[in-house]
Amino acid sequence: MHGYDLLVVGSANADLVIGLERRPGPGETVLGSDMVIHPGGKGANQAAAAARLGARTTLLARVGADAYGRMLAEAQRAAGADPAGLLTGAADAPGTVDGSGTGGAAEGEDAPTGVALITVDAAGDNSIVVSPGANARLTPDDVAAARDLFEAAAVVSLQLEIPLETVAAAARSAAEHGARVVLNPSPPAPLPPDVLALCDPLVLNEHEARLLLAGGQSPDADPGQSPGPDPEEWAGALLGLGPRSVVVTLGAEGALVAGPGVGSQEAEGTGTVRVPSPPVRAMDTTGAGDAFTGALGWRLGRGDGLVEAVRYAVRVGALAVTRPGAQESYPSAADVEAAGQESAA
């Protein structure tokens, strides 16, 4: 039995959120709401979402020795995540991992906690600019030093708000220790072929899918060629890049799952399945994709099949958009169960 259902390797940011009626155009200034500060970052969000659902999870990330870093560490503990992987400050040497959540460099070194500047408009849609800070100091050496975490994990979840070389090192370490790799290429960037080949699944939204495909990573792809309008077509093209399976999130329409043995195909064939989302009234989409991916990783770590895990994750993501904030919006397993009973009534 694994010690962790899910190990998340990724970013931890302070989210500085401002609400506004509409986004400003170039050169335009608009007035917004009072600023609210939330714990965030794609890695921290995924770990918090999974832990809140009941997953045994930990986050390998780096924060600054500052108030935002302390807020993020406390948020992980409050969600129920093990703080064993949380590193503090910049490191000139490999970070150390310990149970206090303050391993790595000594306090006071100049690596501020990452910050995300987020605007949320009246429709609940968001725009985000990230200043990586200490996230950019999470290194392959830190991955090597966290060997015990990788050995204990059933699933390792990755994103691209940390250095790509660190993502690659984490994916390879996961494979070395027999863990399943879930990777969300956000913000989109070209991935090494051997890393893509480990993704099971590659999880991305419509925007990320279009950018990744337009980048022409496939040897047979035409760089700059835009994919068609059909998500099933995207999924097939994405599988052509090398991942073992693909999940495309479709917002209010749910998600599309593609891979070997999916759908009505024979066990050795490749198929697709659409998983609808329950109807909800969206208040704030910030972090909803991370809630989806954290829930997906947890359910895969528990032994669910891919389509079954996506069905659960879609419900988690739908609940997350009905509440403001990122981590604060994430439901518990009891919330998900109650929502399912209400929709069935």
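Because only heavy atoms are used, hydrogens play no part in the values below, and waters and symmetry mates are left out as well, while side chains stay in.
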Please check if [X] and [Y] belong to a single hydrophobic cluster, counting links between Ile, Leu, Val, Met, Phe, Trp and Tyr side chain heavy atoms closer than 4.5 Å.
X	Y	result
V203	V273	yes
V30	L117	no
I37	I18	yes

Side-chain atoms of residues 245-256: list all donor-acceptor pairs with protein atoms under 3.5 Å, sequence neighbours left out, distances to 0.1 Å.
from: S245; atom 1: OG; to: D200; atom 2: OD1; distance (Å): 2.6

* **N45, D290, D15 screened by side-chain hydrogen bond (donor to acceptor under 3.5 Å, both in side chains) with Q327, the one that passes** =>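 For Q327, the side-chain hydrogen bond (donor to acceptor under 3.5 Å, both in side chains) check succeeds only for N45.
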
* Asked: So which residues get pulled into V321's cluster when ILVMFWY side chains under 4.5 Å apart are joined, directly or through others?
  ->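 Via sub-4.5 Å side-chain contacts, V321 links to V280.
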
* Co-members of V120 in a cluster of I, L, V, M, F, W and Y side chains, linked at under 4.5 Å ->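 In the cluster with V120 are V17, I118, I128, V130.
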
* Just jot down the side chain to side chain contact (heavy atoms under 4.5 Å, CB included) partners of A179, sequence neighbours excluded, or say none. =>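 Only V156, A174 meet the side chain to side chain contact (heavy atoms under 4.5 Å, CB included) criterion with A179.
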
For a 4.5 angstrom cut-off between non-hydrogen side-chain atoms, does [X] reach [Y]?
X	Y	answer
E161	P187	yes
Y330	L53	no
P201	L296	yes
T272	V257	no
D121	T119	no
L319	V316	no
T57	W298	no
H177	S173	yes

Grab the two heavy atoms, one from [X] and one from [Y], that are nearest each other, plus how far apart they are.
X	Y	value
A44	L59	CA-CD2, 3.7 Å
A84	T58	N-OG1, 3.7 Å
A153	L7	CB-CB, 3.7 Å
L306	L300	CA-CD2, 4.0 Å
L60	A146	CD2-CB, 3.8 Å
R323	P331	NH1-CA, 3.8 Å

* **Test log, rule side-chain contact (heavy atoms from CB on, under 4.5 Å), inputs V167 and L183** => CA-CA 9 Å; V167 173; L183 191 150; 3.9 Å; yes

* To do: Using the test salt bridge (charged side-chain N to carboxylate O under 4.0 Å, His left out), find all partners of R311 that sit at least two apart in sequence or belong to another chain.
  =>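 With neighbours one apart ignored, the set is empty.
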
Inter-residue atom distance [X].[atom1] - [Y].[atom2], 0.5 Å rounding:
X	Y	atom1	atom2	answer
N205	F292	CG	CZ	11.0 Å
C199	L238	SG	CG	11.0 Å
L158	S186	CG	OG	13.0 Å
S11	L160	OG	CG	10.0 Å
L211	L204	CG	CG	9.5 Å
Y4	L149	OH	CG	5.5 Å

* Quick one: side chain to side chain donor-acceptor pair (under 3.5 Å) partners of T113, sequence neighbours excluded? ->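 Counting only residues at least two positions away or on another chain, T113 forms a side chain to side chain donor-acceptor pair (under 3.5 Å) with D66.
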
* To do: Begin with the C-alpha distance, continue with both residues' side-chain angles, and end with the deciding distance and a verdict on salt bridge (charged side-chain N to carboxylate O under 4.0 Å, His left out) for R147 and E176.
  => CA-CA 10 Å; R147 179 184 181 91; E176 177 187 348; 3.4 Å; yes

Does the distance from a Lys or Arg side-chain N to an Asp or Glu carboxylate O, for [X] and [Y], drop under 4.0 Å?
X	Y	value
D142	R62	yes
R172	D194	yes
R22	E28	yes

* Please determine if R299 forms a cation-pi arrangement with Y312, meaning its NZ or CZ atom is less than 6.0 Å from the six-membered ring centre and no more than 45° off the ring axis. =>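 Checked: cation-pi criterion met.
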
* Where do E208 and N184 land on the side-chain contact (heavy atoms from CB on, under 4.5 Å) test, with the steps shown first? -> CA-CA 9 Å; E208 293 154 358; N184 170 218; 3.2 Å; yes

* **Donor-acceptor contact below 3.5 Å, side chain R56 vs main chain H2** =>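 A pair under 3.5 Å: yes.
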
* Asked: Can you tell me if T166 uses its side chain to pair, donor with acceptor, with the backbone of I162 under 3.5 Å?
  ->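 Such a contact is absent between T166 side chain and I162 backbone.
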
* Asked: Taking it one step at a time, do R23 and S127 satisfy side chain to side chain donor-acceptor pair (under 3.5 Å)?
  -> CA-CA 9 Å; R23 298 170 188 163; S127 296; 3.1 Å; yes

* Asked: So V8 and L6, side-chain contact (heavy atoms from CB on, under 4.5 Å) or not? Walk me through it.
  -> CA-CA 6 Å; V8 182; L6 180 66; 3.8 Å; yes

* To do: Output, in order, the C-alpha distance, side-chain angles, deciding distance and verdict of side chain to side chain donor-acceptor pair (under 3.5 Å) for E328 and H38.
  => CA-CA 8 Å; E328 299 91 330; H38 301 289; 2.2 Å; yes

* Asked: Should Y68 and V63 be marked as a side-chain contact (heavy atoms from CB on, under 4.5 Å) after you check the CA-CA gap, both sets of side-chain angles, and the distance that decides it?
  -> CA-CA 8 Å; Y68 289 156; V63 297; over 6 Å; no

* **side chain to side chain donor-acceptor pair (under 3.5 Å) evaluation trace for S332 with D335** => CA-CA 5 Å; S332 66; D335 293 334; 3.2 Å; yes

